[in-house]
Amino acid sequence: MERNSSDEEEDHRNLIPQNDTRDNDLNLHRGNKLQSVRANGGGRSPRSPFQIDDIASRARNRWKISLNKRYVVGAVSLITLFLGVLFFFTDTRRFFSVDLSSFKLDPLTSRVKESELQALYLLRQQQLALVSLLNHTLEDQSANNFNSSNAIGSSLVIDNVKAALVKQILVNKEIEEVLLSPHRTGNDSVTGSGLDSISGSYYDDGRCRKVDQKKLLDRKTVEWNPRSDRFLFAICLSGQMSNHLICLEKHMFFAALLDRVLVIPSPKFDYQYDRVIDIDRINTCLGRTVVISFDEFKEVDKKNNAHIDRFICYFSSPQPCYVDEEHIKKLKGLGISIGGKLEAPWSEDIKKPTKRTSQEVMEKFKSDDGVIAIGDVFYADMEQDLVMQPGGPIKHKCKTLIEPSRLILVTAQRFIQTFLGKNFISLHLRRHGFLKFCNAKSPSCFYPIPQAADCISRMVERANAPVIYLSTDAAESETGLLQSLVVVDGKFIPLVKRPPRNSAEKWDSLLYRHGIEDDTQVDAMLDKTICAMSSVFIGASGSTFTEDILRLRKDWGTSSMCDEYLCRGEEPNFIAENE
């Protein structure tokens, strides 16, 4: 350890004045003694001033020697300390290098342990997936998820099972690779398993693949060649817009069976359909006039003064045609006269509809009258194998007859390009009024937000999608909680909703340019369209909004093997009591 100049200066300040004091005291003492001898007249001869100075000089030299010894001792101590520290660290390093070698972990052992932990995790995931597959398969066998025909449902179940089994085979292969990786050298790998060809056929890069429409049954359709002087007046009254669109699609089937032109209801009696769907496109898809608007009907049927000759009810209870006096007044207010009374050709209950065939409908509803009206057919259970097949039961050259208008379609595409991108999950989370509705069913379909978040997170992990489009009527308190809980691999998955109107954003310019940006039905159809274009769709069981999205996905060919209802196969982990 070296001393710096400041240390030496401090020593001098402390030591040198002290030596000077001692020298002065010594000289004073000797002077007093000499004077005493002289006064007594005896003793040795007095010393000369030279001698006295010599003594003082020798005294100072003695103190300098003492000071030098002090520095020497300090220097020796420092050198000894330095050598001791150097020896200590050298010896300690040698000690640790020898004795700690026995505690070093073998790299191979460490890698094996890590691989085993990974394998255990994968095995757990595989176990959960296989249990889920078993539950879903049994559920699908008892009732198809999307209310399609038995034949189509069986085909989807088989396809679903194949894809899921292949996924688990691939997971098994991954486990094998993980366990073997520490022992492998060079480029050797497991071969001869044939998994590459299997995964290429049934499993696409571990993601949720699209439903192969070619594997479904060949379409069995009916021709729609209506007589120009025969009309069917559609009556759709139950539920909201989604119910009415499904009802309208079934009315098209009735019109095709009965060789009639379908009359779209007036917006004064029903919804304004021409804002959300392209009516003229329906005629284009069939290459002939099969549907007309209410105003066109009034023009064509001038000679009859828009008279409904027969009003036939598909359902007789709990109320014929689902029509009350208020609806009759609205029809008459439009200048429509109704001949005869409401009639029902059979006894049919909305709560327990009977499965009917096309032949039965033709026999019961066939008429020579020019204009007939058929009451609400939304709940009609007829020819499900035809109605639920992709494209519907009617022969045409388009993917589907009822789809969003061109304005809404392009707006949805612009929104996806702006906020979502190609790979995204869409979620229809129905909450308003659904608590009581779901709890009346067994099992209930209303899930606590944390449980719903867990189901959604599992789907995100399975689909490998970075973002979720949220279509919901839930309050901000619920969606905010949901956003905080949807986490995969430590990352929050964004829940995207359509933002409020902003002039700086141009994705919705077509809507406000045509003055339909504030229409609630346009908003609803826009939500449906975005959901129908997603990679994977999670719907709300029991919601016709969800069912209409599934119809569009089926018809457009965007259905995924991962499409399902929220928390399918699970019951809510908490259910409130009835009132």
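Since the model is a prediction, treat every value here as computed from it, not as a measurement.
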Q: Under the side-chain contact (heavy atoms from CB on, under 4.5 Å) criterion, do I449 and T479 qualify, and how do the steps go?
A: CA-CA 8 Å; I449 290 295; T479 58; over 6 Å; no
Q: Using side-chain heavy atoms (C-beta onward) and a distance below 4.5 Å, is I282 in contact with M252?
A: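 In short, these two side chains touch, coming nearer than 4.5 Å.
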Q: Check the side chains of Y447 and E570 for a donor-acceptor pair under 3.5 angstrom, ignoring hydrogens and angles.
A: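 The answer is no; no qualifying pair exists.
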Q: Would you give the length of the straight line joining atom CG of D563 to atom CD1 of I538, rounded to the nearest 0.5 angstrom?
A: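 If we round to the nearest 0.5 Å, D563:CG and I538:CD1 are 9.0 Å apart.
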Q: Can you tell me how far apart NE2 (H307) and OG (S337) are? Round to the nearest 0.5 Å.
A: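 If we round to the nearest 0.5 Å, H307:NE2 and S337:OG are 4.5 Å apart.
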Q: Considering non-hydrogen atoms only, spot the tightest contact between R431 and T472 and give its length.
A: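 Minimum heavy-atom contact is CG-OG1, 4.4 Å.
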Q: Taking all non-hydrogen atoms of both residues, which atom of D555 and which atom of K399 are closest, and how far apart?
A: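 Taking every non-hydrogen atom into account, O-CB, 3.6 Å.
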Q: Rounded to the nearest 0.5 Å, what separates atom SG in C455 from atom CZ in R568?
A: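 Nearest 0.5 Å value for the SG-CZ distance: 11.0 Å.
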Q: Can you tell me if K268 uses its side chain to pair, donor with acceptor, with the backbone of P265 under 3.5 Å?
A: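 Not confirmed, K268 side chain does not pair with P265 backbone.
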Q: Is it the case that the side chains of D518 and Y512 hold a donor-acceptor pair, with the cut-off being a distance below 3.5 Å and no angle test?
A: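 On atom types as modelled, these side chains do not qualify, holding no pair under 3.5 Å.
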Q: If we only count heavy atoms from C-beta on, is the I336 to F233 side-chain gap below 4.5 Å?
A: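 The answer is yes, as the side chains (C-beta and beyond) meet within the 4.5 Å cut-off.
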Q: Any side-chain heavy atom of P318 sitting closer than 4.5 Å to one from D349?
A: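 Contact flag for P318/D349 side chains = yes.
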Q: Ion pair present between R551 and D548, side-chain N to carboxylate O less than 4.0 angstrom?
A: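 The answer is yes: the pair qualifies as a salt bridge.
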Q: L429 and L482: side-chain contact (heavy atoms from CB on, under 4.5 Å), yes or no, with the steps?
A: CA-CA 11 Å; L429 183 67; L482 182 66; 3.9 Å; yes
Q: Does any part of the side chain of K441, heavy atoms only, come nearer than 4.5 Å to the side chain of F437, both counted from C-beta?
A: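 Heavy-atom side-chain distance check passes, below 4.5 Å.
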Q: Can a donor-acceptor pair be found between the side chains of H428 and S471 at a distance below 3.5 Å?
A: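 H428 vs S471: no donor-acceptor pair found between side chains.
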Q: Is it true that S367 and D369 share a donor-acceptor pair across their side chains at a distance under 3.5 Å?
A: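 A pair is found: one side chain offers a donor N or O, the other an acceptor, under 3.5 Å apart.
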Q: Got a salt bridge between K220 and D385, using NZ or NE/NH1/NH2 to carboxylate O under 4.0 Å?
A: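 D385 and K220: not salt-bridged.
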Q: Is D278 salt-bridged to R406, going by a charged N under 4.0 Å from an acidic O?
A: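 Salt bridge between D278 and R406, a charged N being under 4.0 Å from a carboxylate O: no.
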Q: State whether the side chain of T546 and the backbone N or O of A540 hold a donor-acceptor pair below 3.5 Å, judged by distance alone.
A: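 It does hold such a pair.
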Q: Answer yes or no on whether R430 is positioned over the face of F545, meaning its NZ or CZ is under 6.0 Å from the six-membered ring centre and within 45° of the axis.
A: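 No, cation not above the ring by the 6.0 Å, 45° rule.
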Q: What closest approach, in Å, do V467 and P494 show between heavy atoms, and which atom pair accounts for it?
A: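 Looking at all heavy atoms of both residues, the shortest contact is CG2-O, 3.6 Å.
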Q: Is there a donor-acceptor pair closer than 3.5 Å between any side-chain N or O of R553 and the backbone N or O of T558?
A: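 Looks like yes, one N/O pair under 3.5 Å.
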Q: Got V496 and F424 here, is their nearest side-chain heavy-atom distance under 4.5 Å?
A: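 Contact flag for V496/F424 side chains = no.
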Q: Where the side chain of S534 meets the backbone of C531, is there a donor-acceptor pair that is under 3.5 Å apart?
A: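 Checked: pair present.
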Q: Ring of F311, cation from K341 - is the NZ or CZ under 6.0 Å from the centre and inside 45° of the axis?
A: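 Not satisfied by the 6.0 Å and 45° rule.
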Q: Taking atom types as modelled, is there a side-chain donor on N243 or S238 under 3.5 Å from an acceptor on the other?
A: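 Their side chains do not contain a donor-acceptor pair, so the 3.5 Å distance test is not met.
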Q: D309 side chain to V371 main-chain N or O, any donor-acceptor pair under 3.5 Å?
A: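 Side chain of D309 to backbone of V371, a donor-acceptor pair under 3.5 Å: yes, one is there.
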Q: Distance-only check: which donor-acceptor pairs under 3.5 Å involve side-chain atoms of residues 409-418, not counting sequence neighbours?
A:
{"unit_1": "T411", "atom_1": "OG1", "unit_2": "L407", "atom_2": "O", "d": "2.7"}
{"unit_1": "R414", "atom_1": "NH1", "unit_2": "S509", "atom_2": "OG", "d": "3.2"}
{"unit_1": "T418", "atom_1": "OG1", "unit_2": "R414", "atom_2": "O", "d": "2.7"}

Q: Give every residue pair that meets the ring-ring contact (aromatic ring centres under 6.0 Å, His included) criterion with at least one member in residues 332-362, sequence neighbours excluded.
A: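 The answer is Y314-W346, W346-F365.
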Q: Throw together a table of side-chain donor-acceptor distances under 3.5 angstrom for residues 283-290, partners on residues two or more places apart or in other chains.
A:
{"unit_1": "N283", "atom_1": "OD1", "unit_2": "V290", "atom_2": "N", "d": "2.8"}
{"unit_1": "N283", "atom_1": "OD1", "unit_2": "V291", "atom_2": "N", "d": "3.0"}
{"unit_1": "N283", "atom_1": "ND2", "unit_2": "V291", "atom_2": "O", "d": "3.2"}
{"unit_1": "T284", "atom_1": "OG1", "unit_2": "D280", "atom_2": "O", "d": "3.2"}
{"unit_1": "R288", "atom_1": "NE", "unit_2": "N225", "atom_2": "OD1", "d": "3.2"}
{"unit_1": "R288", "atom_1": "NH1", "unit_2": "W224", "atom_2": "O", "d": "2.9"}
{"unit_1": "R288", "atom_1": "NH1", "unit_2": "N225", "atom_2": "OD1", "d": "3.4"}
{"unit_1": "R288", "atom_1": "NH2", "unit_2": "N225", "atom_2": "OD1", "d": "3.3"}

Q: Measure the shortest side-chain to side-chain distance between V536 and V460 over non-hydrogen atoms and say whether it is less than 4.5 angstrom.
A: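 In short, these two side chains do not touch, never coming nearer than 4.5 Å.
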Q: Are any side-chain N or O atoms of K250 and backbone N or O atoms of L245, one a donor and one an acceptor, separated by less than 3.5 Å?
A: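 Looks like no, no N/O pair under 3.5 Å.
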Q: Could you go through the side-chain contact (heavy atoms from CB on, under 4.5 Å) check for E403 and R281 one step at a time?
A: CA-CA 9 Å; E403 72 173 23; R281 179 182 166 279; 3.2 Å; yes
Q: Test your reading of the model: is there a side-chain donor-acceptor pair from Q389 to the backbone of L386, 3.5 Å cut-off?
A: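 It does hold such a pair.
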Q: Which pair of non-hydrogen atoms, one from I235 and one from H251, has the smallest distance, and what is that distance?
A: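 Closest approach of I235 to H251, heavy atoms only: O-CE1, 3.3 Å.
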Q: Evaluate the side chain to side chain donor-acceptor pair (under 3.5 Å) criterion for residues Y273 and Q521: first the C-alpha distance (whole Å), next the side-chain angles of each, then the deciding distance (0.1 Å), finally the verdict.
A: CA-CA 9 Å; Y273 290 101; Q521 298 309 319; over 6 Å; no
Q: Nearest 0.5 Å please: distance from the CD1 atom of I350 over to the CG atom of D376.
A: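 Answer rounded to 0.5 Å: 7.0 Å.
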Q: Is it true that D229 and R227 make a salt bridge, defined as a side-chain N closer than 4.0 Å to a carboxylate O?
A: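 So D229 pairs with R227 through a salt bridge.
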Q: Say whether T544 and S242, considering side chains only, have a donor N or O and an acceptor N or O under 3.5 Å apart.
A: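 S242 and T544 do not have a side-chain donor-acceptor pair below 3.5 Å.
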Q: With salt bridge (charged side-chain N to carboxylate O under 4.0 Å, His left out) as the test, pick out the partner of R356 among E348, E363, E383.
A: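 With R356 as partner, salt bridge (charged side-chain N to carboxylate O under 4.0 Å, His left out) holds for just one option, E348.
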Q: Rounded at 0.5 Å granularity, tell me how far OG in S358 sits from CD in E360.
A: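 It is 9.5 Å, given to the nearest 0.5 Å.
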Q: Please report the C-alpha distance between L237 and F269 in whole Å, then the side-chain angles of each, then the deciding distance to 0.1 Å, and finally whether the side-chain contact (heavy atoms from CB on, under 4.5 Å) criterion is met.
A: CA-CA 9 Å; L237 303 173; F269 180 76; 3.8 Å; yes
Q: Can you measure from CE (M241) to CD (Q272) and round to the nearest 0.5 angstrom?
A: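 Those atoms lie 9.0 Å apart.
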Q: Around atom CG of N502, are there more than 12 heavy atoms of other residues, nucleotides or ligands at under 6.0 Å?
A: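 Atom CG in N502 is packed in, count exceeds 12.
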Q: Going by the side chain to side chain contact (heavy atoms under 4.5 Å, CB included) test, name the single residue among I516, D519, L511 that passes it with L526.
A: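 Option passing the side chain to side chain contact (heavy atoms under 4.5 Å, CB included) with L526: L511.
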Q: Would you say F315 and P353 make side-chain contact, with heavy atoms under 4.5 Å?
A: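 Yes - at least one pair of side-chain heavy atoms lies under 4.5 Å apart.
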Q: Identify the heavy atoms of F419 and P499 that sit nearest to each other, and give their distance.
A: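 Heavy atoms only, the tightest pair is CZ-CG, 4.0 Å.
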Q: Under 4.5 Å between any side-chain heavy atoms of Y271 and Q240, yes or no?
A: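 In short, these two side chains touch, coming nearer than 4.5 Å.
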Q: Identify the two heavy atoms, one from A453 and one from L485, that lie closest to each other, and give their separation to 0.1 Å.
A: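 A453 and L485 have their closest heavy atoms at CB-CB, 3.5 Å.
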Q: Output yes when a side-chain donor or acceptor of Q451 lies under 3.5 Å from a complementary backbone atom of E571, and no otherwise.
A: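 At least one qualifying donor-acceptor pair exists.
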